[in-house]
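Notes follow once the structure below has been shown.
Chain identifiers are assigned alphabetically (A, B, ...) following the order of the sequence lines, protein sequences preceding nucleic acid strands; residue numbering begins at 1 within each chain.
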There are 2 protein chains.
Amino acid sequence: MNAICQRPFRQALDRLRASGLRPTRQRLALAKLLFDGCDRHVTAETLHSEASSANIRVSLATVYNTLHQFTEAGLLREIVVDAGRSYFDTNTSEHHHFFNERNGMLADIPGSDVVLTQLPKPPDGMTIRRVDVIVRVDG
Amino acid sequence: MNAICQRPFRQALDRLRASGLRPTRQRLALAKLLFDGCDRHVTAETLHSEASSANIRVSLATVYNTLHQFTEAGLLREIVVDAGRSYFDTNTSEHHHFFNERNGMLADIPGSDVVLTQLPKPPDGMTIRRVDVIVRVDG
DNA sequence: GTGTTTGCAAAGTGTTTGCAATTTA
DNA sequence: TAAATTGCAAACACTTTGCAAACAC
């Protein structure tokens, strides 16, 4: 783990409690993987295999459930860049993404590096829920 | 078909020829559905069932193949808004989208209604291939 | 005729679900 | 103990593929 990104001890547990999610062994372990280091992007598969590597016994179904529960709780943000695969970002603050379709790598764009000067008026009775900017790169 | 959007006769055929795609019965029929009216957003499923309604006999596999061939040929643009479903847009010019997750409706945002003042510098040796802006709406 | 395209059905991928067993409070 | 959570395997939705038959040139 990168010391630069290290976060307060017990943060994983606290986050679960604050979200009203029972701190089960699986959730706690996944939360530690997700939140105890630098911000990161995961898919269900990558998180599941990372857990396996760390000798954490969690089923893939539970990883999916957990990612969605964390997302609903506001601990994660889901990012759609690829039809057929869901990414989740531990950085829930307003920012956008680079996506390299060749290798599936997703990277944050610092908030201030994309400036939307003008937002369009949404159709009829609709309200804007979120604006996603995906900069697709090659190379 | 909306007369306002009507396009030159035989455009479908011309587009296929220009792209080096053999104008088979299926491709021609799909091209007519796609290009002879207003700009539109389709999924493989919606296009397939539209073809069926019009008594055009095309398999779903061929619809998928055709959508990809048209996309490679630059006749369509693929839009990723939803993990697990691919949308295709007949409008290939630079513009962005509203997406309503509740009902899956996709709508163009007129080009000038989203202004990106500043593009981020892509990582290392990468170049920007495209910028997608998706305004997610509710209501 | 020859190479391309199609359709079908099977396989593939990522994700969700039903339910009994387990765990948490 | 009661309610929530887990794991498994089956089901799912969407998409791709292999290959023989049909088609375009």
Side-chain angles (χ1 to χ4, degrees), chain A residues 12-31 33 41-52 55-73 75-76 78-88 99 101 103-104 106, chain B residues 12-33 41-52 55-73 75-76 78-88 101 103-104 106:
Chain A
L13 182 55
D14 293 341
R15 288 193 182 212
L16 292 187
R17 284 209 215 285
S19 307
L21 294 167
R22 281 190 184 180
T24 63
R25 180 178 61 73
Q26 290 87 338
R27 285 188 186 141
L28 208 48
L30 295 177
L33 289 179
H41 304 105
V42 301
T43 66
E45 277 296 350
T46 63
L47 185 58
H48 181 246
S49 69
E50 187 180 346
S52 297
N55 275 320
I56 298 164
R57 222 180 69 260
V58 203
S59 73
L60 184 55
T62 295
V63 173
Y64 274 106
N65 289 338
T66 303
L67 285 173
H68 288 137
Q69 290 154 355
F70 284 9
T71 302
E72 265 168 50
L75 303 179
L76 290 177
E78 186 171 1
I79 302 167
V80 179
V81 282
D82 190 349
R85 194 191 252 52
S86 281
Y87 289 76
F88 295 86
F99 182 62
E101 299 186 296
N103 62 15
L106 196 57
Chain B
L13 182 55
D14 294 341
R15 288 191 184 213
L16 292 187
R17 284 208 217 286
S19 306
L21 294 167
R22 280 195 186 178
T24 64
R25 179 178 62 74
Q26 291 86 339
R27 284 187 186 143
L28 209 47
L30 295 176
K32 280 184 172 143
L33 289 178
H41 305 104
V42 300
T43 65
E45 277 294 351
T46 63
L47 185 58
H48 182 246
S49 69
E50 187 179 345
S52 297
N55 274 319
I56 298 164
R57 223 180 66 259
V58 203
S59 74
L60 184 55
T62 295
V63 172
Y64 274 107
N65 290 338
T66 302
L67 286 172
H68 288 137
Q69 291 154 354
F70 284 9
T71 301
E72 266 168 48
L75 303 178
L76 291 176
E78 187 171 0
I79 303 167
V80 179
V81 281
D82 190 349
R85 192 191 253 52
S86 280
Y87 287 77
F88 296 86
E101 299 185 298
N103 61 15
L106 196 58

Given A/Gln69 and A/Arg27, is the side chain to side chain donor-acceptor pair (under 3.5 Å) satisfied, shown in steps?
CA-CA 10 Å; A/Gln69 290 154 355; A/Arg27 285 188 186 141; 3.3 Å; yes

Which distance, rounded to the nearest 0.5 Å, do you find between the CG of B/Leu21 and the CG of B/Leu16?
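Between atom CG of B/Leu21 and atom CG of B/Leu16 there are 6.0 Å.
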
For the CG atom of B/Leu47 and the OG1 atom of B/Thr66, what is their distance to the nearest 0.5 Å?
8.5 Å

Could you walk me through whether A/Tyr87 and A/Val81 pass the side-chain contact (heavy atoms from CB on, under 4.5 Å) test, one step at a time?
CA-CA 8 Å; A/Tyr87 289 76; A/Val81 282; 3.7 Å; yes

Roughly how many Å is it from [atom1] in [X] to [atom2] in [N], rounded to a whole number?
X       : N      : atom1 : atom2 : answer
A/Leu67 : C/dG14 : CG    : P     : 15 Å
A/Glu72 : C/dT16 : CD    : P     : 11 Å
B/Asp82 : C/dT15 : CG    : C1'   : 12 Å
A/Gln26 : D/dA4  : CD    : P     : 17 Å
A/Gln69 : C/dT24 : CD    : P     : 15 Å
A/Leu16 : C/dA25 : CG    : C1'   : 15 Å
A/Leu28 : C/dA25 : CG    : P     : 10 Å

Is B/Arg57 atom CZ crowded by more than 12 heavy atoms from other residues, nucleotides or ligands, each under 6.0 Å away?
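No - once you tally the heavy atoms of other residues, nucleotides and ligands closer than 6.0 Å, there are 12 at most.
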
Decide yes or no for B/His68 and B/Phe88: does some side-chain heavy atom of the first lie under 4.5 Å from some side-chain heavy atom of the second?
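Heavy-atom side-chain distance check passes, below 4.5 Å.
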
Under a cut-off of 3.5 Å for both distances of each Watson-Crick or G-U pair, what dot-bracket string does DNA chain D give, using [ ] for crossing pairs and | for inter-strand pairs?
|||||||||||||||||||||||||

Are A/Phe99 and A/His41 an aromatic pair by the rule of ring centers under 6.0 Å?
no

Could you run through nucleotides 11-25 of chain D and give me one letter per nucleotide, 5' to 3': B if any protein heavy atom sits under 4.0 Å from the base, S if only the sugar-phosphate is that close, - if neither?
---SBBB------BS

Contacts of A/Glu45 that satisfy side chain to side chain donor-acceptor pair (under 3.5 Å) - sequence neighbours left out
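For A/Glu45, no residue satisfies side chain to side chain donor-acceptor pair (under 3.5 Å) once neighbours in sequence are set aside.
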
